[in-house]
2 protein chains.
Amino acid sequence: MKGSNYSSKRELIYSTLCSTKSHPSAKWVYEQLKEDHPDLSLGTVYRNIALFKENGKAVAVANILGEERLDGDTSAHAHLVCKCCGKIEDVDMPSLTLKGDTKGFNTDFVAVTYFGTCTECSE
Amino acid sequence: MKGSNYSSKRELIYSTLCSTKSHPSAKWVYEQLKEDHPDLSLGTVYRNIALFKENGKAVAVANILGEERLDGDTSAHAHLVCKCCGKIEDVDMPSLTLKGDTKGFNTDFVAVTYFGTCTECSE
DNA sequence: CTCAAATCAGTAATTGTTCCTGTTTTTATT
DNA sequence: AATAAAAACAGGAACAATTACTGATTTGAG
């Protein structure tokens, strides 16, 4: 079944995704690998990233400037997003104290994202 | 300058956006209005929603199934997102206790989003 | 080794969103 | 109210991120 086989491309894509803290887009991953692996297809990158997300090995952090930005680090942490340049940084996850009910939802993941302006963009 | 004039279409779009708690997409807003206002253009909906976001009168909640979902309620609250059907519900904002530094970012908005499965999708 | 399932490259198709052009509406000024 | 400039608009073309398709290649089980 889907995702059950070994695949050298899949390993490449996953290790590239995990090699950076820049929270890249699929296209960025593709461009990093294209140099050394000119036979890599962008569709393969998208397909494998979708698999990673299904399997909980990656998460979508935000959609910045029309691009979905990814994180191969699925440990609990929050994100800082610069609305100006699109830079995304990791920060400690705050402790969350819930109030109110959760409307019957069965939740398995919480995203905490701070939006603002980074040092460079503030001049 | 941009956004300074009165515009009946703008009012329609804004009131439609605020009339629902479904956190709709731009297309949904367009389709609601199209019946009674067949001369409305989808581009106008997108353009005005961009204005609302600039002016802090609306926020983008999440990008679900490739569609940006919006909220005309900018008060502090968190969101529940069903990964299965895309339904979004409001929940109380948890109290956040920050630890660690914020890397020099000047933040002005925090999004807290819980991902999971809604009652209907859980069967 | 052999075969079926999985994966892939390459490209076409899809689709949410933005951009462009000529027209209409709004506002300010007489 | 008439006029003119700015703002907003409709309609459709253009764009870009993502997905789907097709035929070839790779992988894993027996």
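Owing to the predicted nature of the structure, the values given are computational and were not obtained by experimental measurement. Order of the sequence lines fixes the chain letters, A, B, ..., with proteins taken first and strands second; residue numbering starts at 1 for each chain.
Proximity of A/C118 to A/C85: side-chain heavy atoms (C-beta onward) are separated by under 4.5 Å at one or more points.
Each of C/dG10, C/dT7, D/dC9 was ranked by its minimum atom distance to the side chain of A/K2; first place goes to C/dT7. Closest contact between the side chain of B/R10 and the listed nucleotides C/dT7, D/dC9, D/dA10 involves D/dC9. Comparing C/dT7, C/dT26, D/dA10 by their closest approach to the side chain of A/S7 singles out C/dT7. The A/N5 side chain lies nearest to C/dT7 when the options are D/dA10, D/dA8, C/dT7. Considering only the side chain of A/S4, C/dA6 comes nearest among D/dC9, C/dA6, C/dT27.
Atom NZ in A/K9 sits about 10 Å away from atom C1' in D/dT26, given to the nearest Å. Here D/dA8 presents its P atom at 19 Å from NE2 of B/H37, a figure rounded to the nearest Å. Straight-line distance from the OH atom of A/Y30 to the C1' atom of D/dA17: 14 Å, rounded to whole Å. Remark: P of D/dA8 and CD of B/E11 are 13 Å apart, rounded to the nearest angstrom. Rounding to whole angstrom units, CG of residue A/L12 and C1' of C/dA9 are separated by 15 Å. Between the CD atom of A/E54 and the C1' atom of C/dA6 there is a distance of 15 Å, given to the nearest Å. One can place NZ of A/K34 at 13 Å from P of C/dA9, the figure rounded to the nearest angstrom. Between the CD1 atom of B/I13 and the P atom of D/dA8 there is a distance of 12 Å, given to the nearest Å.
The aromatic rings of B/F115 and A/F109 lie tilted to each other, with the angle between the two planes from 30° to 60°. The aromatic rings of A/H79 and A/H23 sit perpendicular to each other, their planes meeting at more than 60°, with 30° as the lower class boundary.
Side-chain nitrogen and oxygen atoms of A/N48 include at least one within less than 4.0 Å of the OP1 or OP2 phosphate oxygen of C/dC8.
For the helix from C/dC1-D/dG30 to C/dT30-D/dA1, the terminal axes (five pairs an end, C1' atoms, rotation from four pairs onto the next four) enclose an angle of 40°, given to 10 degrees.
One side chain, A/S75 or A/D73, offers a donor N or O that lies under 3.5 Å from an acceptor on the other.
A chain of hydrophobic side-chain contacts below 4.5 Å, direct or via other Ile, Leu, Val, Met, Phe, Trp or Tyr residues, connects A/W28 to A/Y46.
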Could you go over nucleotides 15-20 of chain C and give all protein N or O partners under 3.5 Å, atom names and distances?
unit_1, atom_1, unit_2, atom_2, d
C/dG16, OP2, B/K27, NZ, 3.2
C/dG16, O3', B/G66, O, 3.3
C/dT17, OP1, B/E68, N, 3.2
C/dT17, OP2, B/Y46, OH, 2.6
C/dT17, O5', B/Y46, OH, 3.4

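Aromatic rings from A/Y14 and A/F52 are positioned such that their centres are separated by under 6.0 Å.
Heavy atoms only, all atoms of each residue included: B/C84 and B/T117 are closest at CB-CG2, 4.5 Å.
Comment: B/D71 does not engage B/K57 in a salt bridge, judged by the lack of any side-chain N to carboxylate O separation of less than 4.0 angstrom.
With sequence neighbours excluded, no residue forms a ring-ring contact (aromatic ring centres under 6.0 Å, His included) with A/Y30.
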